[in-house]
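Okay, structure first, notes after.
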Amino acid sequence: MFVAFTVAALHANLSLWTPYLSDQPRKRKFLNGANFASAGATVLPFNDPDLLHLDIQLAFFKNVANLWRQELGNAEANKRLNNAVFLISIGGVDYFLFPSDKPNATESEKHEYVNWVIGNITNTITEIYEMGGRKFAFQNVAPVGCAPAVKQTYHIREDECMEELLELPKLHNNALINAVEELEIKLPEFKYLIFDYYNLVYDRVKHPFKYGIEVSNTACCGSGAYRGVDCGIGGYELCSDPNEYLYFDGNHLIERAYSQISELLWSGGKNVTKPLNMKQLIALEPHHEEIVKFSDHAMKSSE
Ligand SMILES: *[C@@H]1O[C@H](CO)[C@@H](O)[C@H](O)[C@H]1NC(C)=O
Ligand SMILES: *[C@@H]1O[C@H](CO)[C@@H](O)[C@H](O)[C@H]1NC(C)=O
Ligand SMILES: *[C@@H]1O[C@H](CO)[C@@H](O)[C@H](O)[C@H]1NC(C)=O
């Protein structure tokens, strides 16, 4: 959801983040942050060299944190890491790949898979915390089963979504809430928000007219029954007005929908982003170690 990053950056008066793998990585110091996002990225490692799964992204982040320490010194690097907001939006592709990897999965296999995805995210967050990260924004997983690409692949009726790919994201999103609440208990300075992307997209799929959208069950660009695949490739079709659509291609929303949704990440109420919105998370004062030590000391000496 690149547009969300962009909207948050513009509101927060930040420059747009440099992609970590941009052309001259050796010369870049990423002092204002970096974008580790990768198209099609998964949490779990799949055998695809083009997908930068979460562990690879974490390794890139460690390189940036080390660059900061070299460039700025430990104290300033720690301060920046404490202040930084880590925006995590991952998991959808893990579920998208699941039904073809494991047709006819049992309920317990689905739960086990969700636990792996969540367990690996939790480990990554814990590592980032140990390196100084304090503020985390989680975007939950989309209703993947409503994407035109999925509906076309599994021959789903026009007005329906693929059930298994609604069930897995819902299991994930509930487990994510529990996992994050446990992190909050375990990690004393952990601060977070969870952005309910699932319901924002699902409501647009089911009630497009509420949002001024005409078509939510077919993409604007692509081939096949729902124009679900190959946008820009071969003899694909293109709609005349993307703003009448929810999905631009088989897997991605149109820009207008992303920008409306990301405004809600920035300043939405608790019914869309809990317990804080991005504006509030950014404004939170991090709890510095120096201050803790100082106030402990002050309390003792005044006893
Ligand atoms: C899944 O179940 C369907 C029928 O329910 C069956 O035709 C198919 O062979 C099964 N696939 C696998 C991989 O077991
Ligand atoms: C991470 O995922 C792997 C599968 O790729 C799984 O075996 C492992 O148990 C997961 N880790 C946690 C902590 O859940
Ligand atoms: C959230 O609440 C606001 C007002 O409190 C309301 O206008 C908005 O429609 C709600 N959004 C959702 C997605 O429920």
Side-chain angles (χ1 to χ4, degrees), residues 1 4 40-48 51-59 88 90-130 139-143 146 153-156 162-165 167-168 170-176 178-180 182-183 186-187 193-213 216 246 253 257-280:
M1 192 159 144
T42 49
V43 175
L44 305 179
F46 285 81
N47 263 339
D48 182 341
L51 298 187
L52 304 180
H53 63 79
L54 196 53
D55 270 352
I56 297 177
Q57 296 188 23
L58 180 65
I88 320 280
I90 199 158
V93 181
D94 293 84
Y95 299 111
F96 177 79
L97 297 172
F98 182 78
S100 53
D101 243 30
K102 218 167 182 29
N104 306 338
T106 62
E107 287 307 303
S108 78
E109 286 169 331
K110 290 178 195 169
H111 278 94
E112 182 184 46
Y113 191 75
V114 170
N115 287 339
W116 286 350
V117 172
I118 294 286
N120 279 269
I121 292 177
T122 306
N123 283 352
T124 301
I125 300 306
T126 307
E127 282 204 48
I128 296 175
Y129 184 92
E130 282 162 1
Q139 175 175 305
N140 72 7
V141 167
C146 302
T153 303
Y154 294 99
H155 309 290
I156 305 299
M162 190 224 185
E163 275 306 320
E164 187 179 2
L165 285 179
E167 185 196 353
L168 286 164
K170 277 192 270 190
L171 286 173
H172 172 97
N173 293 340
N174 286 329
L176 179 67
N178 294 336
V180 165
E182 279 171 29
L183 285 174
K186 261 203 306 226
L187 310 175
L193 66 80
I194 297 181
F195 181 54
D196 189 6
Y197 184 61
Y198 180 103
N199 279 307
L200 292 169
V201 175
Y202 191 71
D203 203 47
R204 283 165 170 76
V205 169
K206 290 294 161 186
H207 309 289
F209 300 136
K210 259 170 63 180
Y211 302 94
I213 298 164
S216 63
L246 176 61
L253 309 188
Y258 279 136
S259 95
Q260 288 169 354
I261 289 172
S262 47
E263 288 293 336
L264 294 169
L265 167 61
W266 177 249
S267 56
K270 289 200 189 340
N271 55 352
V272 295
T273 174
K274 266 200 288 207
L276 303 167
N277 57 35
M278 184 61 93
K279 195 173 167 180
Q280 294 164 329

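Just so you know, ligand 1 is whichever comes first in the structure, and atom 1 is the first atom listed for that ligand. Values reported hereafter were calculated over all heavy atoms of this structure, with side chains retained and with hydrogens, waters and symmetry mates removed.
Those atoms of ligand 2 with a heavy atom of N123 less than 4.0 angstrom away are 13 (C). Ligand-side atoms of ligand 3 in range of N271: 1 (C), 2 (O), 3 (C), 8 (C), 10 (C), 11 (N), 12 (C), 14 (O), range being under 4.0 angstrom from any heavy atom. With ligand atoms numbered from 1 in the order given, ligand 2 contributes 5 (O) to contacts under 4.0 Å with heavy atoms of P45. Heavy-atom contacts of L44 reach the following atoms of ligand 2: 2 (O), 5 (O) (cutoff under 4.0 Å).
With hydrogens and angles left out, the side-chain atoms of N120 and N123 include no donor and acceptor closer than 3.5 Å. Using modelled atom types and a 3.5 Å distance limit, the side chains of D203 and Y211 yield a donor-acceptor pair.
Here V272 has side-chain heavy atoms under 4.0 Å from ligand 3, and that is the only part of it that gets that close. Neither the backbone nor the side chain of I118 comes within contact range of ligand 2; no heavy atom lies under 4.0 Å.
Side-chain atoms of E182 do not come within 3.5 Å of backbone N or O of A179 as any donor-acceptor pair.
For H172 and Y95, the gap between ring centers is short of 6.0 Å.
Between Y113 and W116, the ring planes lie tilted relative to each other; the angle falls in the 30° to 60° range.
Of the protein's non-hydrogen atoms, P103 CG, 3.7 Å is the one closest to atom 13 (C) of ligand 1. For atom 4 (C) of ligand 1, the closest heavy atom belonging to the protein is N104 ND2, 4.8 Å.
Summarising the contacts of atom 11 (N) of ligand 2 with I121, N120, T126, the nearest heavy atom is found in N120.
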